[in-house]
Amino acid sequence: MTDTIHRTPGSHVAEAPTKMTMAGAINAGLRAAMERDDKVLLMGEDIGQLGGVFRVTEGLHKDFGESRVIDTPLAESGIVGTAIGLGLRGYRSVVEIQFDGFVFPAFDQITTQLAKMHYRSQGRLTLPVVIRIPYAGHIGAIEHHSESPEALFAHTAGLRLVTPATPQDAYDMIQQAIACPDPVIFLEPKARYWDKGEVETDRVVRQLSDGESKTATAEMSQARVAREGSDVTLVAYGPTVHVALQVAEIAAAQDVDVEVVDLRSLSPLDIPTVVASAKRTGRVVVVHEAPTLHGIGAEISAAVTEQAFFHLQAPVLRVGAFHAPYPGSKIEHEYLPSIDRVYDAIERVVSH
Amino acid sequence: MAGGPLDTEGLVTLLDHHGRRQSDERFDDLASRLAPSDLRDMYRAMVVTRAFDDAAMALQRQGELGLWVQSLGQEGIQAGSGKALRASDYVFPSYREHVVAYQRGLDLPQMLRLFRGLEHGPWDPSEIGFHLYTLVIGAHTLHATGYAMGMDRDGRVGSGTEDDGAVICYLGDGATSQGDFNEALTFAAVTNAPIVFLIQNNQWAISEPTTRQSRIPLVHRADGFGIPSMRVDGNDPIAGYAVTSWALEHARSGNGPVLIEALTYRMGAHTSSDDPTKYRERAQEDYWRERDPIARLESYLTEIGEFPEEFVAEIEAEGKEMAERARTLVRSWPAPPATSMFDHVYAHPHAAVETEREWFERYESSFTDTEAAR
């Protein structure tokens, strides 16, 4: 029940950046966290010998054993609820929810129990539980396997929500999330699991081996400017960062200089970074795969309007999914924010 | 109700409702561990808690508490099971286990901070091995199971020493219908967790009788999970002690979970907001009033000559003192500062909370300035 990081001296060696997929980076991050602290447990369905349906935990069962990589009964509320109990006993569980659409049986345990325990106990109890959820679409799946439920969790005080868009962030942020004393929903953009990128493994390992979990939490909560630009701020996160960067290239060919902000953290939101960018560009578009109605984009739009009103050249626009259940995957590319729809929004704010 | 959920089949009773000692060879040895002073401890816990319970109910009626939840009538199984606990055990209560709270060392009036709406967690759970009350029915059964899984990992079972421990998780008849409870039984069974689930079947889930939750005795819930179980007379503190001792020892020894159903009766309303005259008969209440756990143990202690007058005077005084202190304390507690609503939302700083706190403080102080300017 402390946020002390167990130290294993000499367990890290300086390494040159290596190429990893995002799934591989999360796997490596989990491994590093488990090596650093023997209270870290993995819990979930099919995460043991199978390595999870996306193979994110591949090899960990073999190396850490079934007492630390636990194949649980098929019951999401039970997984999160027992992770809470283990947390009260000093363990740090990293829970894998198999797919986004399967998290709702655990909704009470996450929003009413996990999120509120620290508050209810006057800060006496901490629950360092991480809930990993592969989320979002573009994998041609059948129903309940492509959802973006982030707004439902972001609305709950007591939870943190983060979502990496690159292998480097995946590697760093999974470890920072595990070190954090607060519960963290860790949203993994599953369509990007197999994208490769350079990962520098030494820095975050050093940060956490030095017990700097508060610094780690602060860092995990910051947005990043993924591409600098001067005409329009395009705010994205998780799976839409990839789309936003593509749109920025297309816009560049039309002489529109797009700045892409990757939020990384959805709770808290790094509003100062977004507002600073909005003040520079005067135009903001937010893009996410979740439906726009009552979504993260609405919150960004409100914050920018409140804090950068006189800098704005155009209303803040949102691009996202529609207020309809996730459709059959043959038309998901129309439901989700496509390059065309994001570019259309860029054109509208530029010509306003 | 033959064959129904309130059938008395298999009920372990060691004190009948006249307070006469009954023999049950499975549990006589365990019951014989109770020295007269232990019996008086249980009696004291029941009587003092009832005095507190009465005082709290009166405070609610006077508008001093937002809500009160009585333990009235259920003191027998609570005192018996609580007596079976060791310091190394851990309790996950639901929300009316006031007798067990007393036995674990909680100063009961402090509990009223919750019911007065001052805070949600007025005690340190790890200090007394008694978790916070959980108001969402059945949700805590999973926390209890996870905690027990953790105790097992920590090597706290099966050593044969006093350090061995188990979790006891209290729940009601209504909670047995919750998915979380059924998942808790699954997790406890397959992980062989050291946990005792104790169902206090008080026959009413607000207005719904146990027949709305089950067509058979609740004890049989355990069968499908492969969990051993026992059914006990919930108004018999001695049987409650013996059966819970058996169950805890089973769990502490590394033999896995146990389920106990204690058949008792909720003599009061569900909470101070409820009105049982709308849904149940007076005759039923009268029937159970005859089976009061306090009267039952009192008869037995008198019968065996272990109920001295000075003891009676002593606990009467303790009960009065507790009730008086509850009344005084409750009225003395100021509301916390409004800004405390921002405390402990997160363990590490969170920008949204900090921003709103700063805004609220500025807003509040703007009124102070206005006042000062006048």
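We name chains A, B, ... by the order of the sequence lines, and we start the count at 1 in each one.
- With salt bridges taken as basic N to acidic carboxylate O contacts below 4.0 Å, one links A/K39 and B/D154.
- Proximity of A/T72 to B/F187: side-chain heavy atoms (C-beta onward) are separated by under 4.5 Å at one or more points.
- The environment of CD in A/Q222 is crowded: more than 12 heavy-atom neighbours from other residues, nucleotides or ligands sit within 6.0 Å.
- Scanning both residues, A/G78 and B/L142, for their nearest heavy atoms gives CA-CD2, 3.5 Å.
- Side-chain contact between B/H350 and A/D182: absent, with no pair of heavy atoms (C-beta onward) separated by less than 4.5 Å.
- A distance-only check finds a donor-acceptor pair linking the side chain of A/R124 to the backbone of B/G121 [under 3.5 Å].
- Of the atoms belonging to B/D343, it is backbone heavy atoms, and not side-chain ones, that fall under 4.5 Å from chain A.
- For the options B/L132, B/T141, B/V190, B/T145, heavy-atom pairs under 4.5 Å to chain A are most numerous at B/L132.
- At most 12 non-hydrogen atoms from other residues, nucleotides or ligands lie less than 6.0 angstrom from CD of A/Q49.
- B/H344 NE2 to A/T126 OG1: the interatomic distance, rounded to the nearest 0.5 Å, is 12.5 Å.
- With a 4.5 angstrom heavy-atom cutoff, A/I70 touches chain B only via side-chain atoms.
- Contacts between A/S93 and chain B at a heavy-atom distance below 4.5 Å are absent for every atom of the residue.
- Heavy-atom distances place no part of B/F181 under 4.5 Å from chain A, backbone and side chain included.
- Atom CZ of B/R212 has 12 or fewer neighbouring heavy atoms from other residues, nucleotides or ligands inside a 6.0 Å radius.
- For a residue to count as touching a neighbouring chain, one of its non-hydrogen atoms must lie under 4.5 Å from one of that chain's; by this rule A/S221 does not touch chain B.
- Residue contact with chain A, scored on non-hydrogen atoms closer than 4.5 Å, is absent for B/Y90.
- Put simply, CG on B/L114 and CZ on A/R120 are 8.5 Å apart, with the number rounded to the nearest 0.5 Å.
- A side-chain donor from one of A/Q109 and B/H143 sits under 3.5 Å from a side-chain acceptor of the other.
- Contact detail for B/H348 and A/R160: the closest heavy-atom pair is O-NH2, 2.7 Å.
- Of the atoms belonging to A/S265, not a single heavy atom falls under 4.5 Å from chain B.
- In this structure the side chain of B/H131 reaches within 4.5 angstrom of the side chain of A/M117, judged on heavy atoms.
- Here the CG atom belonging to A/L125 is positioned 7.0 Å from the CG atom belonging to B/D124, to the nearest 0.5 angstrom.
- Considering all non-hydrogen atoms of both residues, A/H118 and B/A347 come closest at NE2-CA, 3.5 Å.
- Contact of A/Q122 with chain B is made through backbone and side chain together, with heavy-atom distances under 4.5 Å.
- At least one side-chain heavy atom of A/S267 sits under 4.5 Å from a side-chain heavy atom of B/Y346.
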Candidate pair A/I79 and B/E183, rule side-chain contact (heavy atoms from CB on, under 4.5 Å), full reasoning: CA-CA 9 Å; A/I79 298 169; B/E183 294 187 18; over 6 Å; no

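- One finds the CD1 atom of B/I137 at 11.0 Å from the CG atom of A/D108 (value rounded to the nearest 0.5 Å).
- Between A/Y119 and B/H120, the ring planes lie tilted relative to each other; the angle falls in the 30° to 60° range.
- Considering CG of A/L88 and OG of B/S126, their distance stands at 9.5 Å, rounded to 0.5 Å.
- Among A/G123, A/G158, A/S121, A/A218, the residue making the largest number of heavy-atom pairs under 4.5 Å with chain B is A/G158.
- The contact between B/A351 and chain A is made by backbone and side chain atoms together, counting heavy-atom distances below 4.5 Å.
- Considering only heavy-atom pairs separated by less than 4.5 Å from chain A, the leading option among B/A139, B/P125, B/A352, B/P122 is B/A139.
- Here the closest non-hydrogen pair linking B/V345 and A/A157 is CG1-CB, 3.9 Å.
- The two residues A/S77 and B/D180 have their closest heavy-atom pair at OG-OD1, 2.5 Å.
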